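So the structure is just underneath, and the comments pick up after that.
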Amino acid sequence: MEQWSNETIVDFRRTLLAWYDAKGRDLPWRHGRNPYHTWISEVMLQQTQVQTVIPYYENFIATFPTVADLAQAPEATLLKAWQGLGYYSRARNLQRAAQQLVTDYHGQWPETATELEDLIGVGPYTASAIASIAFDQVVPAVDGNAFRVFSRLLMIDADIAKPKTRQLFTDIIQPIVDPKRPGAFNQAIMDLGSSYMTAKNPDPEHSPVRRFDASYHAGRVLDFPVKTKAPRPKLIPYYGLIVHSPAGYLLVQRGSQEMLSGYWSFPLVKQADLRDEKHADEATEEMDLATLQEKWARENQLTLTLQPLGGRQVSHTYTHQRWQVKLLVAELTTTPTLDFLPGRWVTADQVTALPLPKVQEKMMARYEQHVGHAVFKEN
DNA sequence: GACACGTGGCG
DNA sequence: TCGCCAAGTGT
């Protein structure tokens, strides 16, 4: 690994910031200096690309202009504003932190990374980003860009998939951060990481900091960063139940302990939950249907006849799970009451007013394809 | 420390 | 279709 002298550090800062001042991106959250704007953008940008975030950010700030507005927003409004961004606990945590700011901090922002980390959903990266960008605290914001950029510049071969590696990078970058412009320094590193020093197809040849790039001079750019691979997503078969009555479609809201919590979907039943361990191998679709109609339907006080919807299943892949959803349709002539289900009968044109996860949109599209025409209103 | 947690883009 | 990546945090 390389070591930089004080002279090199000063030279690097000057080169980096001159480039950033001339070529840095003009992003909506970079207008003015507002900790609320910085915070919202940083949380949205967690594991999410800039181009995806921009429209969500604009809409979010327009819908919830201040911390106080966010703190008192109806949950459905919040989840709808976040729909499609993913990692939905970020939205709930954002609101909880807004409530912390109002009640515990009386609307007065804490200004150091250490204090900011006490906000729910604000970890070491986001705390440092807010502290440096909005409050000029001299701390490195160590995100994926910083890992990638500095691992290449200095040929640091520590495995960035390991949690303790963060501290190593923090310690290495800390003395390099420009004490006069820490926020600009951190954002410049991010712009570098999304332009010349990308993960795939980097262009270190034309990078403004090429002469500081040890991995480039060694011809080993793509050897950095070192990162162990994540395990493959696990296949989980589901049944998706499309139950239609005169009052509309049956939608259920996902529970607080579940994935996608707070969002609405057709009832989803894990295939494995219908089959007992010993005979899981011999189970058939007919047996599953019978179990669904007897056990599941009785538990929820419904009487229905489920028909498999032919054709391809709906497939949706998450970071750690791969869902294969077989759709089943039931047509009811009367509308049962829903005493035992966290569900609602929703008319076709009202479904898209609810916050819906991507897998639900895929199930609706598959169903529309089956019936041969549009059923649900465009979002 | 390991794992859960969403979605879209790209080769 | 598949694998990997993108401004991480909570448990």
Side-chain angles (χ1 to χ4, degrees), chain A residues 24-25 27-30 37-57 79 82-94 96-97 116-130 132-133 140-149 159-167 169-170 183 185-195 197-202 222 225 227-236 254 256-263 265 312 315-324 355-362:
Chain A
R25 291 173 292 182
L27 300 170
W29 45 89
R30 288 183 179 174
H37 294 174
T38 303
W39 173 45
I40 299 302
S41 67
E42 290 301 338
V43 172
M44 285 187 170
L45 287 161
Q46 290 168 8
Q47 303 287 282
T48 311
Q49 296 187 335
V50 166
Q51 62 175 47
T52 303
V53 164
I54 290 174
Y56 282 91
Y57 172 82
L79 296 184
W82 206 268
Q83 175 176 327
L85 256 192
Y87 286 141
Y88 297 113
S89 64
R90 289 185 295 174
R92 303 171 165 289
N93 289 341
L94 220 38
R96 291 171 66 195
L116 285 160
E117 269 199 71
D118 290 338
L119 296 172
I120 295 162
V122 175
Y125 163 72
T126 305
S128 302
I130 299 171
S132 62
I133 296 169
V142 185
D143 68 339
N145 288 304
F147 277 130
R148 189 170 57 257
V149 167
D159 183 353
I160 66 168
K162 297 191 184 307
K164 41 186 303 197
T165 302
R166 162 180 299 282
Q167 190 58 52
F169 275 74
T170 303
F185 178 93
N186 285 329
Q187 293 182 93
I189 295 298
M190 298 177 204
D191 282 13
L192 204 51
S194 67
S195 54
M197 301 184 73
T198 49
K200 286 176 291 186
N201 304 318
L222 293 181
K227 185 181 183 182
T228 53
K229 290 190 178 85
R232 295 261 286 286
K234 187 185 170 196
L235 180 67
I236 306 185
R254 300 188 55 88
S256 58
Q257 306 303 314
E258 294 183 292
M259 221 170 112
L260 310 173
S261 73
Y263 284 79
S265 75
R312 292 173 60 80
S315 172
H316 190 69
T317 306
Y318 299 97
T319 310
H320 59 299
Q321 295 178 8
R322 179 191 178 85
W323 291 7
Q324 290 275 10
L356 308 173
K358 179 56 64 178
V359 67
Q360 170 64 13
E361 295 187 335
K362 286 187 181 176

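Predicted, not measured: the structure shown is a model, and the values here were computed from it. Protein chains get the first letters and strands the later ones, always in sequence-line order, with residue 1 at the start of each.
Remark: the A:Asn93 side chain and the A:Arg90 side chain contain no N/O donor-acceptor pair separated by less than 3.5 Å. Looking only at atom types and distance, the side chain of A:Ser195 has no donor-acceptor partner in the side chain of A:Arg25 under 3.5 Å away.
The distance from atom CD1 of A:Ile133 to atom C1' of C:dA7 is 9 Å, rounded to the nearest whole Å. Nucleotide C:dG8 holds its P atom 11 Å from the CD atom of A:Gln49, rounded to whole Å. The CZ-C1' distance, from A:Phe147 to C:dC4, rounds to 18 Å in whole Å. For A:Tyr57 and C:dA7, the OH to C1' distance is 14 Å, given to the nearest whole Å. What separates CG of A:Asn93 from C1' of C:dT9 is a distance of 8 Å, to the nearest Å. A straight line from CH2 of A:Trp82 to P of B:dC5 spans 18 Å, rounded to a whole angstrom.
Nucleic acid contact class of A:Ile160 (heavy atoms, under 4.0 Å, all strands): none. Heavy atoms of A:Thr126 sit under 4.0 angstrom from primed sugar atoms or phosphate atoms, though from no base atom. Contacts of A:Gly86 with the nucleic acid, taken as non-hydrogen atoms under 4.0 Å apart, include base atoms. Among the heavy atoms of the strands lying under 4.0 Å from A:Arg25 is at least one base atom, whether or not backbone atoms are also near. Heavy atoms of A:Gln321 sit under 4.0 angstrom from primed sugar atoms or phosphate atoms, though from no base atom. Across all strands, A:Pro124 comes closer than 4.0 Å only to sugar-phosphate atoms, never to a base (heavy-atom distances).
The 5' end of DNA chain C is approached more closely, in terms of each residue's nearest nucleotide, by A:Arg312 than by the other of A:Trp29 and A:Arg312. When each of A:Val122 and A:Met190 is assigned the nucleotide of DNA chain C with its nearest heavy atom, A:Met190 is the one assigned upstream, toward the 5' end. Comparing A:Lys200 and A:Ala161 against DNA chain B, the residue whose closest nucleotide sits nearer the 5' end is A:Ala161.
Of the side-chain N and O atoms in A:His316, one or more sit less than 4.0 angstrom from OP1 or OP2 of B:dT7. Contact check, A:Lys358 against B:dG8: a side-chain N or O comes under 4.0 Å of OP1 or OP2. Contact annotation: A:Gln46 does not reach the phosphate of C:dA7 (side-chain N/O to OP1 or OP2, under 4.0 Å). For A:Tyr88 and B:dT7, the shortest distance from a side-chain N or O to OP1 or OP2 is below 4.0 Å. For the OP1/OP2 pair of C:dG10 and a distance below 4.0 Å, the side-chain nitrogens and oxygens of A:Arg92 include no atom meeting the criterion. Not one side-chain nitrogen or oxygen of A:Arg232 sits closer than 4.0 Å to the OP1 or OP2 atom of C:dC4.
Atom name C1', nucleotides B:dG8 and C:dT1: the rounded distance is 16 Å, in whole Å. Between C:dC5 and B:dG6, the distance separating the two C1' atoms is 14 Å to the nearest Å. For the C1' atoms, the distance from B:dG1 to C:dG10 is 13 Å, rounded to whole Å. Spacing of P atoms, C:dA6 relative to B:dC5, comes out at 22 Å, to the nearest Å.
At a cut-off of 3.5 angstrom, counting only N and O atoms as typed in the model, there is a donor on one side and an acceptor on the other between the side-chain of A:Thr48 and the base of B:dG6.
Classification of A:Lys164 and A:Asp159 as a salt-bridged pair fails, no side-chain N sitting under 4.0 Å from a carboxylate O.
Closest to the side chain of A:Arg166, out of C:dG3, C:dT9, B:dC5, is C:dT9. Of the candidate nucleotides B:dT7, B:dG11, C:dC4, B:dG11 has the atom lying nearest to any side-chain atom of A:Asn201.
Atom CD of A:Gln83 is separated from atom OH of A:Tyr263 by 6.5 Å, given to the nearest 0.5 angstrom.
Ring-plane geometry between A:His316 and A:Tyr318 is classed as perpendicular, the angle between the planes exceeding 60 degrees on a 0 to 90 degree scale with a lower cut at 30.
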